[in-house]
Amino acid sequence: MLRLPCPYCGERDEPEFRFAGEPAVRPGSDVGDAVWAAYLYMRSNEKGPHREVWSHAGGCGQFFLLERDTVSHAVLRALRPGEAS
Amino acid sequence: MRRLAAGGAIDRTRPLGFIWEGRKLSGFAGDTIASALLANGIGVIGRSFKYHRPRGVYGAWTEEPNAIVDVALGARHDPNARASLVPLEAGMVVGGVNAWPNVRRDALGLIDLFHRFIPAGFYYKTFKSPSWGAFETRIRAMAGLGVMRPEPDRLLYDTRHVETDVLVVGGGAAGVAAARAAASAGLGVMLADDRAAWGGVLQAEGGVIDGMEAAAWAAAAVGEMRGATLLGRTTVFGAYDHNAFGLLEQRRDAAGGWAEERVWLVRARQVVLAAGAIERPLVFPGNDRPGIMSAAAVLQYVRHYAVLPGREVVIATNNDTAYATAAALVAAGASVTVADARPEAPGRDGLRVRAGCVPVGTGGRHGVKWVDLALRDALSNRERVRCDLLAISGGWSPSVHLHSQAGGTLRWDDAAAAFLPGVAREGWHLAGAVTGPVGLGAALGQGHAAGVAAAAALGRVVHVAPPETPARAVEAPIGAMWFVDVADRRQWIDFQNDVTLGDVALAARENYASVEHLKRYTTLGMANDQGKTSNINGIAALAAMTGRAIGEVGTTTFRPPYVPVSLGALAGMRHGRLFAPIREVPAAADHLANGAVMREYGGWRRPAAYLRIGETVAAAIAREAASVRQGVGLFDGSSLGKIEVAGPDAAAFLNVMFYNEVANLKVGRLRYCLMLRETGVVFDDGVVARLAAERYLLSPSSSHTEGVLAMLRAWQQTEFPAMRVVFHDVTAAWATFAVSGPRAGVLVGRLSSDIDIGDGALPHMAVAEGVIEGLPGRIARVSFTGERGYEISVPARHGAAMWRHLLGLGEDVTLYGIEALSVLRAEKGFILIGTDTDGMTLPADLGITAPLRNKAVDFVGKRSLLTPDALRADRRQFVGVLPEDPGFVPAVGSHAMVDGRSVGWVTTSCHSPALGRSIGLGMIEGGRGRIGETMEIFHLGKTSRAVIGEACHFDRAGERLHG
Ligand SMILES: [Zn+2]
């Protein structure tokens, strides 16, 4: 059970959050099939520092970007959408 | 009787009667079942898992591998209790497991004679032809320990969630010293120990701390801590990410009709692990007989429970700790011989010590009667020594379980002959015997230092001095001995699962050289003691057999839980009605009064059908569905989702979210729309209403409301943060009733309302807000049945009154439930998301293609509808299914077969009252191109025939909507 920092509410327990996948940049609808398929399905699933989108679904309902080490589970930082990365 | 005349922590004024295998026995308050059985001279209390060998008590606490019993008391029943862990209570009925007719004369004990033919891996090699399934039933009947009772568990369980500054695991000398120090710094301390009294091994070993008797010091130190949470009888069973812990609290004494077991989920800022160590057995031929016990356990039975397990005792050891047991036994009047494997064994006053001597065999069917001793360097030269108790000590394994679960590292230490903790996780401090062999002084010093370090990490200063204890003589080092190198390999390593040295040798010979493979192949360490006594001996044996160092072999992965935790305790209050609370509609009581059969649909309890006297559910469904098409029906649709979407950009945002065009929807109008995932798959359908230029009302499926809301939020926040739009789930705020049928307009016309429901003002797919019977509300012209329909919404708190009011308007109204609605919508070919569709269904598969052709803006999922796969001609398409036999209703899921190949399946089927025959819906490859063709329907070996048709079976022109 991770302890995650919501950029709006502070540190809360994992069951309050919902994982929303790796961040992906949405291509325009004029891209080819391969680019669109990569956007939909291809994930990097990094070992080590990793960027993820989470939502504080059981709290403020806000989505945010989390940088987390998938080996040590250390939380590196949490960013609001649009915050400098 | 083997009870000593004096001493121990038992309460001799409170005798407790209990039953053992049909016999009436007696113990005292403060006994465990194990100590009471030993006190009564009961030697055999179980049978081993595989060979059904007689087994007695070996240990005194969580390490116990043998003494598994069935315990019943009132509503409580534990089919696999460990006798060493269960406090004795008056009236307990205790019996052996895995034995018939009883543990002393077990019919399957003969299996032991055939042990040569059932080595490790026996199952994998033997029961594979023709298949495992051919043997499974008989083997399962022979295997296993206790037997569950079929009744539901009536005990109460509870869960607590807490945060703490410092969690101290273990209430022995080191743990108490750490907790005491941290508490003095003003920190919130949680101290957990699985025993009822503080002090851990001090209870049995004694000693002096700060001038007091050691256990009394522990009790006093704990009593003086301010603001600490003290959890006795509480096992920390799991260490999880970010210093989260699971604790199991046994509250039998405090229960008083409330939860007997409580799970604490704790988040700790700092952690002190003072979990101690567990004594290992010595491995030698015949080391599993009743009467062969852990030396440390014997010490506890003598000192703590005032039980003398034997009078003629041999102690076999390879380290100094067993000498405390020897001293206690001598003081209690036993005669003691010590066989010390170390050539330079220390001499002791009043003891016969045989240096360099090890046990090489034992005898005695129902209890040890003799042991053969031999010099380690002359093993064939045996001397038989009579005994009724053989106490053994093979050294100590630190309880590093939680440290390892959390990700701490281990290192093998040859001098200590143990895996010791290496690098600990951040915020962890280890103290006492978990760090390796320590005396009392070092344990106290480490404990205090751990408390100081935890306080410093949190910016606090400790205000007590470290506890003091008189210096003791330094112990001699352990002399590692992992097994006896003789031909007889029936030297038990895992007592409970019957894994011997021979099994480890076989595994090594067959190249199961990884310790994880060894574990799976031999089941070593997989019993409910989880290898507490056996793992290290098994690893050491494997190392020797494969010519490697023990540190090179390594350990298996430590996983929670440290002790078995009942599923009831893990579930806590989350069972039965509280597992997933069911939502109720406002008029629920009225539905019951109206004869409704209530069932759960998508988390809501809703009327399935309304039964008249003597009517079956099937008859009620048919009557209700027919009545709606002939007169007027009333349906409670309050559970239907309602999400308000408002803001200057509401129209633009929703136009991206929905497949259908919604920006050009006129105020006061409705549109049926699909919502897609980005993959193009249909996620939900529903009616979108535009209540005002900047205010929409969505009606997602009852079970999809949360998902739709989550999806709206995700897209607004992550893709379109600049759009000014807000969402509000108002599902629970409104009660909604559907009036449907040719006479629906007559009924709704009798309502007192300022809303004009004339077809001119309120045509099909229109909505108006106003006042209904004095309440703020809405009336929508919409139909889920294909008949003229109205949806009346009023505030939820007036829902029940409005339901009764609609019933009293003088019309002959038929109440209809979900099941009749399902029939009506099937007749019309209306899709039910998740029933007719699945995770691959695209809108074109449902025949809804206009938005993709006509909609100008890019919407969620659009690009996915243009891939080669989305445009394949042979995709499964939504069609109707008409069985040739009009009385045959094909099962949902039946295969649609063309030319002997499955081309899809039936998704919906029922008897249609309107058509007087069976109908169905299905998803069939290239289905619309097959309309008019005959196919076969295959289900459970039976085949029938059906015609593929239009999904809409009834009133294809839709004239009845306006009728
Ligand atoms: Zn939040």
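Numbers restart at 1 for each chain; the letters A, B, ... are given by sequence-line order, proteins then strands.
For B:Arg269, the CZ atom counts as densely surrounded, since its 6.0 Å shell holds more than 12 non-hydrogen atoms of other residues, nucleotides or ligands.
Checked by atom type, the side-chain pair B:Asp729/B:Thr731 shows a donor-acceptor distance below 3.5 Å.
Most heavy-atom pairs under 4.5 Å with chain A: of the set B:Ala710, B:Pro721, B:Ala714, this distinction falls to B:Ala714. Interface remark: of the candidates B:Glu719, B:Glu678, B:Arg863, B:Arg863 forms the most heavy-atom pairs closer than 4.5 Å to chain A.
Of the listed residues (A:Phe19, A:Phe17, A:Tyr8), just one forms a ring pair (Phe, Tyr, Trp, His ring centres under 6.0 Å) with A:His56, and that residue is A:Phe17.
Proximity to chain B (any heavy atom under 4.5 Å) is restricted, for A:Tyr41, to the side chain, taken from C-beta onward. Looking at B:Gln716, neither its backbone nor its side chain comes within 4.5 Å of chain A, counting heavy atoms on both sides. With a 4.5 angstrom heavy-atom cutoff, B:Thr718 touches chain A only via side-chain atoms. Of the two parts of A:Leu40, only the side chain, counted from C-beta on, holds a non-hydrogen atom closer than 4.5 Å to a non-hydrogen atom of chain B.
Note on A:Glu67 versus A:Arg51: salt bridge recorded, some NZ/NE/NH1/NH2 to OD/OE distance being below 4.0 Å.
Checked against the 6.0 Å centroid criterion, the rings of B:Tyr659 and B:Phe859 qualify as a close aromatic pair.
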